[in-house]
2 protein chains.
Amino acid sequence: MPRHRFTQSDVAAMAGVSQSTVSFVLNDNLPPGVRISDETRSRVLEAIRITGYAANPIAQRLAGGRNQILGVFTYETTFPRGGHDFYGAFLVGIEHAAEKLGVDMLLFTSARVVDGRRRLSRDGWQRLGAADGCLLLGQQEDRGELEHLLDTSYPFVFIGKRESEGRRLPYVGADYVAATRRQVERLADLGHTRIGYAGQQSADQPTLDRLEGYRRAMRTRGLPLRYVDVHDIAAGAEEIAERRLTAMLVAPEIDSDALADALEAHGMSVPNSISLLLLGQPNQLQHRSRRAWSGFVVPREEMGARALVLLSRIVDQESAETRAPEGRMPNPPILDEADFHQMLDCPDLDGETLAVAPTTATTPEGTIRDNA
Amino acid sequence: MPRHRFTQSDVAAMAGVSQSTVSFVLNDNLPPGVRISDETRSRVLEAIRITGYAANPIAQRLAGGRNQILGVFTYETTFPRGGHDFYGAFLVGIEHAAEKLGVDMLLFTSARVVDGRRRLSRDGWQRLGAADGCLLLGQQEDRGELEHLLDTSYPFVFIGKRESEGRRLPYVGADYVAATRRQVERLADLGHTRIGYAGQQSADQPTLDRLEGYRRAMRTRGLPLRYVDVHDIAAGAEEIAERRLTAMLVAPEIDSDALADALEAHGMSVPNSISLLLLGQPNQLQHRSRRAWSGFVVPREEMGARALVLLSRIVDQESAETRAPEGRMPNPPILDEADFHQMLDCPDLDGETLAVAPTTATTPEGTIRDNA
DNA sequence: TCAAGATGATAATGCGCATTATTAGTGGAT
DNA sequence: ATCCACTAATAATGCGCATTATCATCTTGA
């Protein structure tokens, strides 16, 4: 086993050429004015084969090249969310893609945490430089930091839809609007008309999208909106019972198991007298849910994998651009709008919490709007 | 927001000193012959404060220093094991510790996979250099590779007990022997005498340790060993019933839920007629286990965290050694045997699969050994 | 026969830092 | 005045690579 790892100079010596020649052969990107004969090239390749030379990623990066390391930065510390569960699925997808792409993953765990949020500021910027590019995820992102990344044209991809005012903020998101609409359709097709929505009305993108999907589908079907405040589970269950709702869309921040239990405690039965559809995986890690939930799932693994692939392509493109300032484009990997802003489908989940509307509730109810 | 990040030279210019002076101040490790006055030092520190300078980890590393990046190398690809579940818990602990230590984590996902095993050979060695040190985990480790790491004195820590023939192979393991013994004690204390062991007889360390624990505790209690082959769950259940065992230790590679179901299908009831104790978290990810298992758990998070802390200390020590060849040792962080080879306790799990021995089975049975 | 390309490379430079070697100044003893 | 020890720092070097500038040797056309 070699103690001292081989360098380009070692390879060069063996092939009887200069270090730069080895570098040129490896990158097979000949700047104008530099030429390598086939004979020399093959001597170099042979020396590389014999020595088992592998580039030092650190040196590559310092010299302004790429090092096949892609970063992951999470805005929230993973732990308050209950284990690794929120990011876990994303990471599985990311890791899978990383393996395929042959890149290493750098987790930026060192960033200082300021009241529960990680910040890129201070040391963060420097540390990002250790990777060719970076995936960002989390709800609590800092717009200013994202702008800065765009300004410095540091390659990155956000996991989760993020509006960027007229700028190219690359992301891979999940189509909550369409998925939520589809849930309403499922219910309506089964005869439900009194369909409520339970979830907090926060301003994060997933929530906005779920609400938008709910609103749009209900409007298309000519049904009145019915928001239920389930801040307090028991009170929420009571309200649902009083308003004689036959179906609820349940946002993932709600403890859906507790809600179902509370509803049954109020004499209702899931799904016979009330259908419940989960809008994405629950945030709470449910140790052992007794129920098989219906609704939709967020394709987290796929999001992670797709985001990494996109990031890799962006990095490729950037380096291709700097290499060929105005030269010819050898096989241009053009990334268009559809690449930069990907929305993935959320597959439906067929569990046991969805049933046809109870016949007693099919009474027309007019256009009463219980609340805004 | 700064476009060009500050370098030591920038700081030096602002403080009116040379770049090397800045470096010395930052590392506050003055080689013999170099001296910095307090006045200069504070001017430099002030300039650092103003510019918000942060070191470039890449350059640090290339120049032979440390970069506060610690690596993680897993011998198995994470996916065949069913999601992220095997490594997940370790990673949570690792990440937690990384956050506290202020280091970034580099996941070596790029290593080529040769028939299901990752290898450090070839590119791997080079890539390790990107980190100050590395955590290793997985069952399928390659002894030769570990030896090489020891030879080159690359700092690493294995997660999981690994015997090293007279060498200092640092690890953080879980004490399966003691935990398994304790399970036997629990059963014996409840009157069980016909205690079986279900699990494959492979040669990996955890399995060896579990078997050892079982053997020792049974011998201490004067009870005969009873290994049950549950390669086939149904057949295994039948054998357990025929041999009138009242308790089973179940290794994690066994699908314990399936076994319990099979036993109940044979007319036994868990735990009334048969107690089941799980020896660590099951490998299979059980989607929604109906049972609350008794047994013990492997403190994976803690193992991950402890391993990272140990690794960090080893890295510190190595760099301290190279720095002070024969100088005085400023606050020597001596690592002794107990640090290098840590065994953690596996807490007992109090579920609902453990009960007192059924009275019909308390009949003395002599010293019949059903099998070796 | 000689300048003007073309060909095939190499030397030199710098990335940002840690580290080693070297220098400049200063006061005290000879 | 001269040598020495001591203080306080700087200059120089190299890590391994990518990249830029430069050079030497051949053709080829007039």
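Just so it is clear, the model here is predicted, and its values are computed rather than measured. Within every chain, numbering begins at 1; the chains are lettered A, B, ... in the order of the sequence lines, protein sequences first and strands thereafter.
- Residue B:Asn56 places no side-chain N or O under 4.0 Å from the OP1 or OP2 atom of C:dC17.
- Ion pairing of B:Arg5 with B:Asp10 is absent here, as no side-chain N (NZ or NE/NH1/NH2) approaches a carboxylate O to less than 4.0 Å.
- Panel note: side chain A:Asn67, backbone A:Ile58; no donor-acceptor pair is recorded below 3.5 Å.
- Considering only side-chain N and O atoms, B:Gln60 lies nowhere under 4.0 angstrom from the phosphate OP1 or OP2 of C:dG16.
- With rounding to whole Å, B:Gln8 atom CD is found 18 Å from C:dG14 atom P.
- Counting only heavy atoms from C-beta outward, the side chains of B:Leu146 and B:Leu136 approach each other to under 4.5 Å.
- For the pair B:Asp38 and A:Ser9, nearest-nucleotide mapping onto DNA chain D gives the more 5' position to B:Asp38.
- Every residue meeting the salt bridge (charged side-chain N to carboxylate O under 4.0 Å, His left out) condition with B:Arg162, not counting sequence neighbours, appears here in chain and number order: B:Glu141.
- A search for salt bridge (charged side-chain N to carboxylate O under 4.0 Å, His left out) contacts involving A:Glu39 returns A:Arg43, not counting sequence neighbours.
- Under the 3.5 Å distance criterion, the side-chain polar atoms of A:Arg61 are matched with a main-chain donor or acceptor of A:Ala131.
- Note on B:Ser23: a base of the nucleic acid sits closer than 4.0 angstrom, heavy atoms only.
- Atom CG in B:Leu101 sits 10.5 Å away from atom NE2 in B:His96 (nearest 0.5 Å).
- Taking atom CZ of residue A:Arg61 and atom C1' of nucleotide D:dC15, one finds them 17 Å apart after rounding to whole Å.
- Under a 3.5 Å cut-off, the side chain of A:Asn27 and the backbone N or O of A:Asn29 do not form any donor-acceptor pair.
- Straight-line distance from the CZ atom of A:Arg127 to the P atom of C:dC17: 12 Å, rounded to whole Å.
- When the C1' atom of C:dA18 is taken as reference, atom CD1 of A:Ile58 falls 15 Å away, rounded to whole Å.
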Can you pull every protein N or O that's under 3.5 Å from an N or O on nucleotides 10-13 of chain D?
residue, atom, partner, partner atom, Å
D:dT10, OP1, B:Ser18, N, 3.4
D:dT10, OP2, B:Ser18, N, 3.2
D:dT10, OP2, B:Ser18, OG, 2.9
D:dT10, OP2, B:Thr21, OG1, 2.2
D:dA11, N7, B:Ser20, OG, 3.4
D:dA11, N6, B:Ser20, OG, 3.4

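- For A:Arg5 and D:dG16, the CZ to P distance is 10 Å, given to the nearest whole Å.
- Annotation: of the two residues near DNA chain C, B:Pro31 and B:Leu62, the 5′-most nearest-nucleotide partner is B:Leu62.
- Here B:Glu95 contributes atom CD and A:Thr74 contributes atom OG1; the two are 6.0 Å apart, rounded to the nearest 0.5 Å.
- We find that CG of B:Leu30 is positioned 14 Å from C1' of C:dT20, with the value rounded to whole Å.
- Comparing B:Ser37 and A:Val22 by the nucleotide of DNA chain D that holds the closest heavy atom to each, the one mapping nearer the 5' end is B:Ser37.
- Counting to the nearest Å, the C1' atom of D:dC17 and the CG atom of A:Asn27 are 9 Å from each other.
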Nucleotide N/O to protein N/O under 3.5 Å, stretch nucleotides 23-25 of chain D:
none

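- Counting only residues at least two apart or on different chains, no salt bridge (Lys or Arg N to Asp or Glu O under 4.0 Å) pair has a member in residues 16-26 of chain B.
- Using a distance-only test at 3.5 Å, with no hydrogens or angles considered, a donor-acceptor pair links the side chain of A:Ser319 to the main chain of A:Asp316.
- Formation of a donor-acceptor pair under 3.5 Å by the B:Gln126 side chain with backbone atoms of A:Ala54 is found in this model.
- As rounded to whole Å, 17 Å separates atom P of D:dC17 from atom CG of A:Asn29.
- Rotation axes derived from the C1' atoms of the five outermost pairs at either end of the helix from C:dT1-D:dA30 to C:dT30-D:dA1 lie 90° apart, to the nearest 10°.
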